[in-house]
Amino acid sequence: MKQVWIVSAMLAGALVVSAALVVGHDRMQPGTHPVAQPASGLPWQIQTLPGGQTQVMGLRLGGQASTLADAQKIWGGNVEVAIIAAPGEGGALEAFVDPAQAGFISGKLVLTLQAPADAVAGMRQRALKSEFMESTTRKYTLAPADRQSAAAYAITAVAFIPQANLDATMVIDRFGQPAER
């Protein structure tokens with residue numbers, strides 16, 4: 001049942017992003033380029049910055065990317081940091097905000113951090129505990145010193161999974177009819 005909810009949330013998020021892209025495309029004049037708009041914190045409002053960076057939900061990716069510390073300034077103490085590892089893998093350093101408020105939408109925010117493999121391995125060895133997730137994947141809770149050092153790592157990816165179940169009618173009501181499908 002939980003997997004059905006997750007797939008539904010991901011599908012709803014994809015619908016929202018697709019609708020936003022179509023609406024945004026319709027507002028562009030032929031031969032022009034999109035102009036970066038001020039960040040409002042909505043997950044589909046993605047800006048391309050002059051230096052080639054991307055900004056979404058107040059976080060920069062690429063180049064001088066935002067760090068976990070920057071995300072903690074936005075979401076406060078609601079940021080959980082852990083190593084997520086499938087069997088046979090070293091794992092990835094990730095941060096989670098659940099629930100995360102993005103404008104008028106609530107959901108779960110997942111941030112992937114750029115940490116060297118040897119640093120992740122050390123953090124995994126010092127982990128306070130490890131527990132299974134929904135499958136054979138394990139979640140390693142970091143020691144306090146490792147949580148502190150993780151704050152300096154750059155964010156390489158942002159994923160937002162909305163909690164709302166949005167159907168096609170709700171998306172059209174919010175964003176209007178798409179020019180094409």
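Keep in mind it's a predicted model, so treat the numbers as computed, not measured. Below, each value reflects all heavy atoms present in this structure, side chains not excepted, and no hydrogens, waters or symmetry copies.
Rounding to the nearest 0.5 Å places CZ of Arg138 at 8.5 Å from CZ of Arg124. Note that CD1 of Ile161 is 8.5 Å distant from CG of Asp98, once rounded to the nearest 0.5 Å. Note that the CZ atom of Arg147 and the CG atom of Leu142 stand 7.0 Å from one another [nearest 0.5 Å]. Here Thr67 contributes atom OG1 and Gln72 contributes atom CD; the two are 8.0 Å apart, rounded to the nearest 0.5 Å. Interatomic distance, Ile83 CD1 to Leu93 CG, rounded to the nearest 0.5 Å: 6.0 Å.
Annotation for Lys139 and Ala82: closest pair CG-CB, 3.8 Å, computed over non-hydrogen atoms. Contact detail for Pro116 and Tyr153: the closest heavy-atom pair is CD-CE2, 3.6 Å. Among all heavy-atom pairs drawn from Ala85 and Gly91, the shortest one is CB-CA, 3.6 Å. Of all non-hydrogen atoms in Leu109 and Ala100, the two that sit nearest each other are CB-CB, 3.8 Å. Listed here is the closest heavy atom pair of Gln101 and Trp75: O-NE1, 4.0 Å. Minimum heavy-atom separation, Gln53 to Ala65: NE2-N, 3.8 Å.
The backbone N or O of Asp146 lies less than 3.5 Å from no partner atom in the side chain of Arg126, so there is not a single donor-acceptor pair.
Following chains of ILVMFWY side-chain contacts shorter than 4.5 Å, one can reach Ile74 starting from Val158, so the two form part of one hydrophobic cluster. Under the 4.5 Å side-chain heavy-atom criterion for grouping Ile, Leu, Val, Met, Phe, Trp and Tyr, Met170 is connected to Leu42 within one hydrophobic cluster.
The one candidate from Val110, Leu113, Val81 that meets the side chain to side chain contact (heavy atoms under 4.5 Å, CB included) condition with Glu94 is Val110. Just one residue in the list Val79, Ile84, Asn78 forms a side chain to side chain contact (heavy atoms under 4.5 Å, CB included) with Phe96, and that residue is Ile84.
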Do Thr54 and Leu49 pass the side-chain contact (heavy atoms from CB on, under 4.5 Å) test, and can you show the C-alpha distance, the side-chain angles, and the key distance before you say yes or no?
CA-CA 6 Å; Thr54 302; Leu49 302 175; over 6 Å; no
Using the side-chain contact (heavy atoms from CB on, under 4.5 Å) rule, take Met57 and Phe160 through it: C-alpha gap first, then chi angles, then the decisive distance, then the call.
CA-CA 10 Å; Met57 299 174 66; Phe160 185 81; 3.9 Å; yes
Pair Ser149-Met123, side-chain contact (heavy atoms from CB on, under 4.5 Å): steps then yes or no
CA-CA 10 Å; Ser149 65; Met123 290 177 178; 3.7 Å; yes
Run the side-chain hydrogen bond (donor to acceptor under 3.5 Å, both in side chains) test on Gln163 and Ser106 for me, step by step, so that the C-alpha distance in whole Å, both residues' side-chain angles and the decisive distance to 0.1 Å come before the verdict.
CA-CA 6 Å; Gln163 288 179 343; Ser106 292; 4.6 Å; no
Should Leu61 and Thr156 be marked as a side-chain contact (heavy atoms from CB on, under 4.5 Å) after you check the CA-CA gap, both sets of side-chain angles, and the distance that decides it?
CA-CA 6 Å; Leu61 303 175; Thr156 59; 5.9 Å; no
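The number of heavy atoms from other shown groups lying within 6.0 Å of CD (Gln64) does not exceed 12.
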